[in-house]
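What follows is a short report on a single structure.
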Amino acid sequence: MSYPLLEIYPQRIMENARILRQECLKRGIEPVAVIKGFAARPEIVAAFVKVGYTTLASARLPQLAAAKEAYPQLRTMALRISMPSEVKQMVQFADISLESERYTLDLLDQESLLQNKTHDVILMRDLGDLREGIFDAESFYALAEYVEQCQGLHLLGIGVNLTCYGSIIPDERNLGQLAADAREIERRLGRRLQVVSGGSTSSLPLLLQDKMPAGITQLRLGEALVVPCDLIEYWGCPLPGLRNDGLILRAEIVELNCKPTMPQGRLSVNAFGCEGQYVDRGIRRRALLAIGVLDVGDESKLIPREPGVHILGASSDHLIVDIEDCPLDLQLGGTLSFELHYKAMLFSCSSPMIAKTVLAE
Ligand SMILES: *Cc1c(COP(=O)(O)O)cnc(C)c1O
């Protein structure tokens with residue numbers, strides 16, 4: 001085996017995806033499967049397709065192109081507002097895209113007509129999280145009316161993104177506003193909107209508490225399907241059957257010894273120009289692992305699986321762990337394993353320097 005090694009358990013992930021799809025469907029919400037967080041690994045995408053997801057979504061067009069090729073019968077959705085420079089590929093590989101700029105919508109309209117297609121658009125409203133979307137209500141309604149008369153475009157619906165930048169919690173107020181926006185646009189257009197897309201994993205707590213405002217018809221789910229640990233612990237949503245061990249990252253021990261816990265000499269800043277946090281706990285047993293920030297993005301987003309293992313810090317290529325309280329007989333050349341939070345999944349799945357293996361169970 002070559003390390004670092006990412007173990008992928010598609011059966012476990014499939015079970016998460018099945019449970020969450022059921023929770024959505026029984027409340028009249030259609031879940032879209034977001035595949036960008038795990039670099040659209042085909043085994044995981046296949047698990048989503050197997051349990052019935054019919055729309056695959058990503059912010060990255062190469063991932064949508066691959067999904068389209070593997071599953072021509074399914075719908076693809078682009079999650080990042082289109083770059084004006086990519087409208088050709090956008091129309092080619094995404095059936096649906098999230099949009100907010102009239103200039104880009106014009107380009108998409110022209111390109112769709114060139115390709116003899118009708119491109120579906122979900123117009124994004126910014127309800128306070130301050131990433132993408134139109135902030136002003138009247139401008140939002142006006143742009144919806146504008147899209148409606150574009151020959152190459154079909155206004156499929158409206159949507160919102162929350163939490164990602166501004167940390168705003170989806171609630172009855174902001175999602176209620178999105179539903180109200182949909183009613184206003186429907187009044188102006190004189191027809192129903194097919195999709196009112198009420199956010200991502202962070203909207204699940206509201207759904208599971210049965211507080212999702214009426215009129216929300218869709219959620220775009222990525223994180224919760226693969227690494228639901230934040231949903232379970234941080235968001236307080238334990239859902240029987242959900243598990244976080246569909247991905248396990250293994251790293252090899254390259255040094256094993258006892259050292260002081262307080263750096264010795266004059267303190268400056270660490271490898272990344274930051275002041276470190278060090279607690280003097282005397283001399284303790286520790287291990288140095290051959291994995292680092294380059295592989296996982298942020299070492300605090302790793303969850304040690306072996307008992308008594310605590311992460312002390314990391315540089316680009318090394319991870320330092322305290323194993324004083326670990327009862328296992330660890331050996332040089334042995335491995336320690338970790339579950340992942342979203343950011344560590346994001347980095348490790350797309351790293352070409354991490355080996356991947358798919359395991360049945
Ligand atoms: C990434 C993304 C999602 C999925 O978010 P998760 O937290 O992984 O569920 C949904 N919508 C948009 C616009 C995104 O960029």
Side-chain angles (χ1 to χ4, degrees), residues 13 16-17 19-21 23-24 29-41 44-45 48 53 55-61 63-64 67 75-83 90 94 96-101 104 120-134 156-170 174-175 178 195-208 212 216-235 237 239 242 244 246-247 297 301 340-350:
I13 295 168
N16 288 346
I19 291 168
L20 287 166
R21 183 164 179 273
E23 293 297 327
C24 288
I29 303 264
E30 149 110 82
V32 162
V34 176
I35 62 175
K36 69 184 187 206
F38 52 89
R41 304 283 318 168
I44 304 179
V45 176
F48 294 167
Y53 288 82
T55 304
L56 301 174
S58 173
R60 307 285 171 161
L61 281 182
Q63 295 177 355
L64 292 183
R75 306 260 291 157
T76 51
M77 176 189 284
L79 294 170
R80 184 170 63 192
I81 304 301
S82 300
M83 293 187 259
M90 184 59 66
I96 310 160
S97 65
L98 311 185
E99 303 296 344
S100 62
E101 289 280 5
T104 313
D120 279 345
V121 167
I122 294 179
L123 209 56
M124 296 299 275
R125 175 93 203 265
D126 188 336
L127 291 169
D129 202 63
L130 308 184
R131 196 176 74 180
E132 74 274 50
I134 296 160
L156 186 67
I158 62 172
V160 69
N161 196 73
L162 294 163
T163 323
C164 287
Y165 171 69
S167 320
I168 296 301
I169 299 171
N174 47 37
L175 291 184
L178 187 72
V195 169
V196 183
S197 193
S200 61
T201 292
S202 68
S203 293
L204 279 173
L206 199 64
L207 179 94
L208 296 171
M212 186 58 76
I216 302 296
T217 70
Q218 180 190 79
L219 291 182
R220 311 175 303 269
L221 302 181
E223 177 169 350
L225 305 182
V226 189
V227 284
C229 59
D230 284 11
L231 180 74
I232 297 166
E233 284 151 43
Y234 194 71
W235 297 89
C237 272
L239 199 55
L242 280 197
N244 203 65
L247 295 175
K301 302 304 175 190
L340 310 174
H341 287 279
Y342 188 83
K343 190 175 184 184
M345 165 174 76
L346 191 65
F347 276 72
S348 59
C349 286
S350 55

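FYI, side chains are in, hydrogens and waters are out, and symmetry mates aren't considered; it's all heavy atoms of this structure. Both ligands and their constituent atoms are indexed starting at 1 by order of listing.
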Within 4.0 Å of some non-hydrogen atom of N161, the atoms of ligand 1 are 11 (N), 12 (C), 13 (C)
What protein heavy atom is closest to atom 8 (O) of ligand 1, reported as residue, atom name and distance in Å?
E223 N, 2.7 Å
For M124, is the nearest heavy atom under 4.0 Å from an atom of ligand 1?
no
Considering only heavy atoms of L98, which atoms of ligand 1 have at least one such atom less than 4.0 Å away?
13 (C)
min-distance protein heavy atom vs atom 11 (N) of ligand 1 -> R220 NE, 2.8 Å
Within ligand 1, which atoms have a heavy atom of E132 less than 4.0 Å away?
13 (C)
Can a donor-acceptor pair be found between the side chains of E30 and T217 at a distance below 3.5 Å?
no
For atom 15 (O) of ligand 1, what's the nearest protein heavy-atom neighbour? Residue, atom name and distance, please.
K36 NZ, 2.6 Å
Does either side chain, that of E223 or that of T201, offer a donor lying less than 3.5 Å from an acceptor on the other one?
no
Find all atoms of ligand 1 within a distance of less than 4.0 Å from any non-hydrogen atom belonging to Y342, and give their numbers and elements.
8 (O)
Could you tell me the residue and atom name of the protein heavy atom closest to atom 5 (O) of ligand 1, and the distance to it rounded to 0.1 Å?
S200 CB, 3.3 Å
State, with a plain yes or no, whether a side-chain heavy atom of N16 is found less than 4.5 Å away from one of V226.
no
Below 4.0 Å from any atom of ligand 1, is there a heavy atom belonging to M345?
no
Minimal non-hydrogen separation, G37 against C349, with atom names
O-CB, 4.5 Å
L127 side chain reached by L178 side chain, heavy atoms, under 4.5 Å:
yes
Just need the protein heavy atom nearest to atom 9 (O) of ligand 1, so name the residue and atom and give the distance.
T201 OG1, 2.6 Å
Hey, which atoms in ligand 1 end up nearer than 4.0 Å to a heavy atom of V34?
4 (C)
